[in-house]
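One structure is given here, and the rest of the page talks about it.
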Amino acid sequence: YYCRVIENESIDSSCYSEYENAVIISAQLYYETNQIKNDYDLQLYNQIINILGEKGIPTVFKPHPRDTHLERYNCLNCFVDTRNTVPQENIICSLKSKPKAVLSFTSTGLVSAKLFFDVKTVSLNKCVPKDKLQSSLLDEFNGFNTKFGDIVDIPQGIDELITLLIGE
């Protein structure tokens, strides 16, 4: 049912061509509560974006729809979609060519991208050292891994993540 609703809410795919054949990083708002410490999320995003860029793979950074600190992402060397009001599912559904992958931490967008559109999805939650996390977030990450580990890829670190994305 949910997939039919998404399909009926069509959007102009030409407005989102950057998403085609790209790796999408979907942000979450953990920095607002300092659940990921010292902007480690930005460091991780930059590391991923730089490696993918060296391999010629485009990256789209999609801020969370409730994110009001979009200037925070000016340091990222990729297309940052500041039109963050359209749900990711609607964007992916509209594309002629699906994204290469969707990355996030515990976003429901990971599950829906995989189940509805068969797009590779990867959780970054094991790419963050435990000392960079508040304990409440570590519990959330563990719960996500248990519930969705059979649907979403959860690499043990950045090297395994890159292997999943580019096969090297």
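For this chain, numbers begin at 1 and follow the sequence in order. Because the structure is a prediction, the values reported are computed rather than measured.
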_Under a 3.5 Å cutoff, is there a donor and acceptor pairing between the side chains of Ser107 and Gln28?_
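Checked: Ser107/Gln28 side chains show no N/O donor-acceptor pair below 3.5 Å.
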_Donor on one side chain, acceptor on other, Tyr16 and Asp81, under 3.5 Å_ =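 No, no side-chain donor-acceptor contact under 3.5 Å.
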*Going by the side-chain hydrogen bond (donor to acceptor under 3.5 Å, both in side chains) test, name the single residue among Glu140, His64, Lys37 that passes it with Tyr30.*
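So the option named by the test is Glu140.
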Side-chain heavy atoms of [X] within contact of [Y], under 4.5 Å:
X	Y	value
Ser104	Ile25	no
Asp159	Thr163	no
Lys100	Lys120	no
Leu124	Ile154	no
Val23	Ile49	no
Ile36	Phe105	yes
Lys98	Ile92	yes
Lys114	Leu110	no

Between atom [atom1] of [X] and atom [atom2] of [Y], what is the distance when rounded to the nearest 0.5 Å?
X	Y	atom1	atom2	result
Asn125	Asn142	CG	CG	7.5 Å
Asn90	Leu95	CG	CG	10.5 Å
Ile57	Ile162	CD1	CD1	8.0 Å
Gln43	Cys127	CD	SG	13.5 Å
Lys130	Phe141	NZ	CZ	12.0 Å
Lys132	Leu137	NZ	CG	14.0 Å

For the student: nearest non-hydrogen atoms of [X] and [Y], plus distance:
X	Y	value
Ser123	Val152	N-CG1, 3.5 Å
Leu70	Asp67	CD2-O, 3.9 Å
Phe117	Glu89	CZ-O, 3.6 Å
Glu18	Val60	O-CG2, 3.2 Å
Val102	Ala113	CG2-CB, 4.1 Å

*Kindly indicate, with the supporting measurements, whether the criterion side chain to side chain contact (heavy atoms under 4.5 Å, CB included) is fulfilled by Leu52 and Leu165.*
CA-CA 9 Å; Leu52 293 176; Leu165 295 176; 4.1 Å; yes
*Applying side chain to side chain contact (heavy atoms under 4.5 Å, CB included), run through Val80 and Asn74 and close with a yes or a no.*
CA-CA 8 Å; Val80 177; Asn74 289 343; over 6 Å; no
*Determine yes or no for a side-chain-to-main-chain donor-acceptor pair under 3.5 angstrom, with Glu20 supplying the side chain and Lys96 the backbone.*
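The answer is yes, because a donor-acceptor pair under 3.5 Å joins these two groups.
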*Is a donor on one side and an acceptor on the other found under 3.5 Å between the side chain of Glu160 and the backbone of Gln156?*
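Yes; at least one donor-acceptor contact below 3.5 Å.
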*Mind running side chain to side chain contact (heavy atoms under 4.5 Å, CB included) on Lys126 and Asn145 for me, showing each step along the way?*
CA-CA 9 Å; Lys126 287 189 177 179; Asn145 296 350; 3.5 Å; yes
*asked:* Can you tell me if Arg66 has over 12 outside heavy atoms packed within less than 6.0 Å of its CZ?
replied: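 12 or below, so no.
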*Inspect the surroundings of CG in Asn21 and state if more than 12 heavy atoms from other residues, nucleotides or ligands are less than 6.0 Å away.*
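Count over threshold, so yes.
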*How far apart are the C-alpha atoms of Tyr45 and Phe61, what are their side-chain angles, what is the distance that settles it, and do they pass the ring-ring contact (aromatic ring centres under 6.0 Å, His included) test?*
CA-CA 9 Å; Tyr45 299 149; Phe61 186 84; 5.0 Å; yes
*asked:* Walk me through whether Gln35 and Leu133 qualify under side chain to side chain contact (heavy atoms under 4.5 Å, CB included).
replied: CA-CA 6 Å; Gln35 287 181 285; Leu133 302 172; over 6 Å; no
*side chain to side chain contact (heavy atoms under 4.5 Å, CB included), paired with Leu103, selected from Asp153, Ile24, Ile48*: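 Among Asp153, Ile24, Ile48, the one meeting side chain to side chain contact (heavy atoms under 4.5 Å, CB included) with Leu103 is Ile48.
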*salt bridge (charged side-chain N to carboxylate O under 4.0 Å, His left out) assessment of Arg72 paired with Asp41*: CA-CA 11 Å; Arg72 181 174 188 266; Asp41 56 335; 2.8 Å; yes
